[in-house]
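Contents: one structure, followed by commentary.
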Amino acid sequence: MAGSTSGIRVDYDDSHVQAALEKLFKTVKNTRPMMSEIAEYLHGRTRDHFDNQQDPEGNAWAPLADSTLERKQAQGVPIDKILHGQSLHLRDTIFPFWSDDEAGVSTGPGTDAYAATHMFGDESRNIEARPFMGLGEEDEREVLAIIEAELLSAL
């Protein structure tokens, strides 16, 4: 999965997915609809990660630091959800993208630094990584199923 050049970028390479894609590109002339389906799937899963407060493998995000909890309480911001400030701005500015040979999700304009901080953490500011982009095993299976369905319909 890849982000735009102005956003954060998380690349995901897997030999199973790559082999299926190579076969697909040799068989199917118009891959854009399938890539759109993959991108939309990844977009939904990324939103799920925010809502479930989990990384792509289903592991819970690190809890908020006591200082962050205190600051949020003082500001009247809900503290029951991590990365859900007064709005869902970061979650809601992630968007799907696709082309003939690429599918993924990207951060919205102006959110790339904020997204990178939370995706990878910031040791200097004592911010834990809370990954929200990427493919878990379940996602890999679903992407492969989308590719395989496209291959079968092309035969």
Side-chain angles (χ1 to χ4, degrees), residues 1-21 24 32-99 101-150:
M1 175 171 54
S4 71
T5 57
S6 64
I8 65 172
R9 183 175 182 101
V10 178
D11 291 321
Y12 174 81
D13 287 318
D14 182 86
S15 60
H16 296 97
V17 174
Q18 294 302 317
L21 284 171
L24 178 82
R32 191 171 286 259
M34 183 209 60
M35 290 298 188
S36 169
E37 184 178 351
I38 291 171
E40 290 295 346
Y41 169 78
L42 296 174
H43 182 236
R45 289 293 291 155
T46 301
R47 291 175 66 91
D48 290 345
H49 300 153
F50 279 89
D51 295 341
N52 299 325
Q53 303 182 94
Q54 297 175 334
D55 70 16
E57 288 293 344
N59 300 308
W61 285 341
L64 294 172
D66 289 341
S67 58
T68 303
L69 289 170
E70 290 170 11
R71 181 180 45 79
K72 283 184 155 201
Q73 285 177 318
Q75 294 172 337
V77 175
I79 60 170
D80 59 330
K81 294 279 191 176
I82 300 169
L83 298 185
H84 285 219
Q86 290 178 318
S87 71
L88 297 172
H89 180 73
L90 179 56
R91 185 196 77 172
D92 291 345
T93 57
I94 293 173
F95 60 92
F97 68 89
W98 61 90
S99 67
D101 61 357
E102 182 177 54
V105 292
S106 181
T107 59
T111 61
D112 51 333
Y114 180 71
T117 296
H118 292 292
M119 178 74 190
F120 304 110
D122 184 339
E123 199 171 304
S124 68
R125 296 181 358 201
N126 198 30
I127 297 174
E128 296 278 343
R130 294 180 177 95
F132 51 88
M133 292 177 142
L135 293 174
E137 286 181 34
E138 177 183 334
D139 303 322
E140 182 181 320
R141 285 191 297 274
E142 182 61 28
V143 169
L144 283 169
I146 293 169
I147 295 168
E148 289 168 3
E150 185 69 21

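Note that these values count all heavy atoms, side chains included, but never hydrogens, waters or copies made by symmetry.
Note that CG of L64 is 5.0 Å distant from CG of L69, once rounded to the nearest 0.5 Å. With values rounded to the nearest 0.5 angstrom, D66 atom CG is found 12.5 Å from R71 atom CZ. Summarising the geometry, atom CD belonging to E137 is positioned 14.5 Å from atom CD belonging to E142; distances are rounded to the nearest 0.5 Å. The structure places CD of Q73 at 4.0 Å from CD1 of I79, a figure rounded to the nearest 0.5 Å. The CD1 atom of I94 lies 4.5 Å from the CE atom of M133; values are rounded to the nearest 0.5 Å. Considering CG of L42 and CE of M35, their distance stands at 10.5 Å, rounded to 0.5 Å.
Between A103 and A39, the closest heavy-atom pair is CB-N, 4.0 Å. Heavy atoms only, all atoms of each residue included: I146 and Y41 are closest at CD1-CB, 4.3 Å. Closest approach of L135 and P56 over heavy atoms only: C-CB, 3.9 Å. The minimum heavy-atom distance between T107 and A115, with the atom names listed, is CG2-CB, 3.3 Å. Considering all non-hydrogen atoms of both residues, L83 and K72 come closest at N-NZ, 4.5 Å.
For S36, the side-chain hydrogen bond (donor to acceptor under 3.5 Å, both in side chains) test picks out no residue, with sequence neighbours left out. For A60, there are no side chain to side chain contact (heavy atoms under 4.5 Å, CB included) partners two or more places apart in sequence or in a different chain. Qualifying salt bridge (charged side-chain N to carboxylate O under 4.0 Å, His left out) partners for R32, counting only residues two or more places apart in sequence or in other chains: D100. Residues satisfying the ring-ring contact (aromatic ring centres under 6.0 Å, His included) test with H118, not counting sequence neighbours, are Y114. F50 is linked by a ring-ring contact (aromatic ring centres under 6.0 Å, His included) to W61, F132, counting only residues two or more places apart in sequence or in another chain. Contacts of W98 classified as ring-ring contact (aromatic ring centres under 6.0 Å, His included), with partners at least two apart in sequence or in another chain: none. With sequence neighbours excluded, the residues forming a side chain to side chain contact (heavy atoms under 4.5 Å, CB included) with N59 are D55, E57, listed by chain and number.
Residue pairs meeting the salt bridge (charged side-chain N to carboxylate O under 4.0 Å, His left out) criterion with at least one member in residues 42-51, sequence neighbours excluded: R45-D48, R45-D139, R47-D92, D51-R91. Listed by first then second residue, pairs satisfying salt bridge (charged side-chain N to carboxylate O under 4.0 Å, His left out) with a partner in residues 124-135 read D122-R125, not counting sequence neighbours.
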Can I127 and T68 be said to form a side chain to side chain contact (heavy atoms under 4.5 Å, CB included), step by step?
CA-CA 10 Å; I127 297 174; T68 303; over 6 Å; no
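At least one side-chain heavy atom of R141 sits less than 4.5 Å from a side-chain heavy atom of E138.
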